[in-house]
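What you are looking at is a predicted structure, and each value in this text was computed from that prediction instead of being measured.
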Amino acid sequence: MSEDDDDVGYRRPPKHGQFRKGTSGNPEGRRVEQERFASVLREELATEIVMKIGDKKVKASVLRGLTRLVIQQALSGDSRAITELMRQINRYFPERPTAEDSSLPPSEADLKLLEDYVSRRSSNPTQNPMEGQNGDEF
């Protein structure tokens, strides 16, 4: 046995398994990261194109051009375009009740319904509101 073989052991690898001096431990270098689909799509949607609107040629993004196309298809009666457009409208512009909607005066039918309810409750305060006037459930 030579002296090199005696040095093999815990935390002492054999000479043939050690890195050579002056040589990188990772000669191929770091792998190039692949482009993510989302970043490629974002770049492509931001790319400017020339659109023809009427007699004019206008520069716009691909995203704006596609949006305009879907709207035009929906207006021409394409049911799939209408469905997709309505889905996107509901997603980005959800309806919220406004103060103006809640401040409308009640209709005559609403007032009559409320009066009937109040009179029934005041005449029999222990009655369950889910039961009818004769004690029958609805």
Work out which heavy atom in [X] is nearest to a heavy atom in [Y]; give both atom names and the distance.
| X | Y | result |
| --- | --- | --- |
| Ala60 | Met51 | CB-SD, 4.0 Å |
| Ala46 | Ser61 | O-CB, 4.2 Å |
| Val50 | Lys57 | CG1-CB, 3.8 Å |
| Gln73 | Ala81 | CB-CB, 3.7 Å |
| Glu43 | Glu35 | OE2-OE2, 4.5 Å |

Measuring from [X]:[atom1] to [Y]:[atom2], what's the distance to the nearest 0.5 Å?
| X | Y | atom1 | atom2 | answer |
| --- | --- | --- | --- | --- |
| Ser119 | Leu114 | OG | CG | 10.5 Å |
| Thr47 | Arg42 | OG1 | CZ | 13.0 Å |
| Arg91 | Gln88 | CZ | CD | 5.5 Å |
| Leu45 | Thr67 | CG | OG1 | 9.0 Å |
| Leu85 | Leu75 | CG | CG | 8.0 Å |
| Glu44 | Ser39 | CD | OG | 10.5 Å |

Applying the 4.5 Å side-chain criterion to the ILVMFWY set and letting contacts propagate, would [X] and [Y] be lumped into a single cluster?
| X | Y | answer |
| --- | --- | --- |
| Val40 | Ile49 | no |
| Tyr92 | Leu66 | no |
| Leu63 | Leu41 | yes |

> Given the rule in the side chain to side chain contact (heavy atoms under 4.5 Å, CB included) test, do Ile53 and Arg68 qualify, once you have shown the distances and angles that lead to the verdict?
Replying inline: CA-CA 10 Å; Ile53 300 176; Arg68 187 171 188 82; 3.3 Å; yes
>> What I want to find out is whether Glu28 reaches Arg31 closely enough, with some N-O distance under 4.0 Å, to be called a salt bridge.
In response: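 Judged by the 4.0 Å cut-off on N to carboxylate O distance, Glu28 and Arg31 do not form a salt bridge.
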> Is a salt bridge present between Asp116 and Lys112, judged by a nitrogen-to-oxygen distance below 4.0 Å?
Replying inline: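 So Asp116 pairs with Lys112 through a salt bridge.
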> Is it true that atom CD of Glu108 has more than 12 heavy atoms of other residues, nucleotides or ligands lying nearer than 6.0 Å?
Replying inline: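 Counting neighbours around CD of Glu108, 12 or fewer heavy atoms of other residues, nucleotides or ligands fall under 6.0 Å, so no.
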> Under 3.5 Å, side chain of Arg11 to main-chain N/O of Gly9, donor-acceptor pair present?
Replying inline: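 Checked: no pair found.
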> Quick one: side chain to side chain donor-acceptor pair (under 3.5 Å) partners of Asp110, sequence neighbours excluded?
Replying inline: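 For Asp110 the side chain to side chain donor-acceptor pair (under 3.5 Å) partners, ignoring immediate neighbours, are Ser107.
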